[in-house]
2 protein chains.
Amino acid sequence: MTVSERGPRERMVFSAAQLIRRGGVSAAGMRDVAEHAGAPRGSLQHYFPGGKEQLVNEAVGWAGRYAAGRVARFLAALPVPTPSGLFGEMVRQWTDEYETSGFAGGCPVAAATADCAERVDSTRQAASAAFAQWHGAVAAALADMGVTPERASALATLMLSSLEGAILLARAEQDIRPLTTVTRELAPLLDAAVTGNSPRCSTPP
Amino acid sequence: MTVSERGPRERMVFSAAQLIRRGGVSAAGMRDVAEHAGAPRGSLQHYFPGGKEQLVNEAVGWAGRYAAGRVARFLAALPVPTPSGLFGEMVRQWTDEYETSGFAGGCPVAAATADCAERVDSTRQAASAAFAQWHGAVAAALADMGVTPERASALATLMLSSLEGAILLARAEQDIRPLTTVTRELAPLLDAAVTGNSPRCSTPP
DNA sequence: CGACTACTATGACGGCGGTCATAGTCGACG
DNA sequence: CGTCGACTATGACCGCCGTCATAGTAGTCG
C-alpha cells in the first residue's frame, strides 16, 4: 500500500499496477503513472526504454509475484491450514478492500488480459506467467495440505477462476456478495480433497 | 454471428459488443464500430446521441440479453436437464469458439466492467443489470431442476464467477484447460444440489 | 578540475479518437 | 411541386497520449 520508499523505478511499476487495476491499461497514462508514483516524468523513458508495453508487462509481473507471495502469508496466518481457509483468506483480502475503500479496483492482471491479450502478445505472456505463478503457489499450498498434485492443480485453477469472476461481479454490482457466495459454496468441495476421500464427500452428517 | 440483416442500429450495437470483447472499451473506436457494422459513420450520432457511453451501455445490455437467452436454448438442447449439464453447455460455447476461432475475445460485459466500472457509473449499472439478467436466467433454470431458490441463486453466482474467471485464464494462457477444469470440478457440486440432499453429498459411492 | 554516467526536466511532434457542424440525399405526404 | 423528417456524408476541431529530442543537474572517479 505504501508508495514511499523503494526506488522510483519500483514505485512506477507499482503505480502502473494501481492505475491499471482501476480503469484498464488505456486509462493508465504514462504521465499519470509518473505523477501517481511521485516520480519525474523524464525517468519513464530512462527506466523503461521499451515504452508503455514494458511498463505494463512489469506491472503485471509484479502483480503475479505479489499474489503468489500473499499465499504464503495467508498460510502463515491460518491456525490450521485448510483449502477452504486459504481460499477464505484470499477472498477476504478483496472483501476487506471493497468494504473499506470502495469498489474502485479489480485485478490488474485481469484488466491487462482483457485489454491487451489479443494485440500485444508480450503482455498476454506476462499475464499468463503471472497467473501461472499465482496458480503454482496455491497448488503447492494445497499439496502441502495433503491434496494430490493433480487435484491440487485443478482446485487451484478453480479457486483462481472463481475469485477473478467474483471480483468482476462484485465490482459491477458494487456488492461483496458474489465473493462471499463463492467462498461459502466452494468450501466443502475444497476441503473434501484434503482427506483423501472420494472427490465428492468429506464429512458425513 | 451474422452481421447482416436487422437495422443498422442493431448492427452497430452488435459490432460494438464484438469490438469491446476483443480489446476493451477504448479499443472499440466509434469509427471502427461503424466500419465493422458496415454502417455509415454519420449514423452513429443519429442513433446514439448519447455518444459512446450510450453505445457501450447498449452493447453491454445486448450481451446480457444474449447470454440470458442462450440459457434457455442450452436447456432445450439437453436431453435431461441437470445443473452440470447446463454449466457444461455454457462453458462449451467458449471452448468451441476458442478452438475454432482462437482466443481473440472475452466477455464484453467483463471488459466493460474492468474498463469503466469506476469512472462511468451508467456503464457500471448496465454491466450490473446484464449480469443480473444472466444470473436470473441461470437461477431460474436451476430452480426448475429442483434446486431450492436460495441455493439456485448461490450456485448461479458460482457458475457465472467460475466461467468468467476461467475465460480470463484461458485467454491469458491461450489454452482451454481452465474452462474444462472448472466444468469437471464443479459438476458434482452442482448436481448435488438437485437431489435435495445435504449440500455436501449426493451419490454415495 | 574534467569527464563521464546516471538521472531529471521540459517542450515538441504526430497520431488518434470522440464530438460537433454543416450539408446532402431521399422518400413521404399534402 | 414544396416541405418536412429521417438518415447519410464529411470535414474540422480539440484534447489526449505515447514518444522523441534536447538540455540540464549531480555525483563520482581519475
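Naming convention: chains lettered A, B, ... in sequence-line order (proteins, then strands); numbering from 1 in each chain. Note that these values count all heavy atoms, side chains included, but never hydrogens, waters or copies made by symmetry.
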Donor-acceptor pair, side chain of Arg21(A) and main chain of Gly106(A), under 3.5 angstrom: yes
Counting only N and O atoms by type, is there a donor-acceptor contact under 3.5 Å from the side chain of Asp115(B) to the main-chain atoms of Val25(B)? yes
For atom CE of Met30(A) and atom P of dC16(C), their distance in whole Å: 18 Å
SB check Arg151(A) Glu185(B) (cutoff 4.0 Å): yes
Between the side chain of Arg124(B) and the main-chain N/O of Val120(B), is any donor-acceptor distance below 3.5 Å? no
Base, sugar-phosphate alone, or nothing: which one does Ala34(B) contact when heavy atoms must sit under 4.0 Å apart? nothing
Please check if the side chain of Arg41(A) supplies one atom and the backbone of Arg31(A) the other of a donor-acceptor pair under 3.5 Å. no
Does any residue of residues 41-60 of chain A have a heavy atom under 4.0 Å from DNA chain D, and if so, which ones, in number order? Arg41(A), Gln45(A), Gly51(A), Lys52(A)
For DNA chain D, which nucleotides open and close the run of contacts to chain A, 5' to 3', at under 4.0 angstrom from a non-hydrogen atom? dC17(D) to dA21(D)
When Ser26(B) and Arg31(A) are each assigned the nearest nucleotide of DNA chain C, the 5'-most assignment goes to Arg31(A)
So, the side chain of Asp175(B) versus the backbone of Ala170(B): is there a donor-acceptor pair under 3.5 Å, distance only? no
Is a donor on one side and an acceptor on the other found under 3.5 Å between the side chain of Arg11(B) and the backbone of Ala37(B)? yes
Starting at CG of Leu158(A), measure out to CG of Leu158(B) and round the result to the nearest 0.5 Å. 7.0 Å
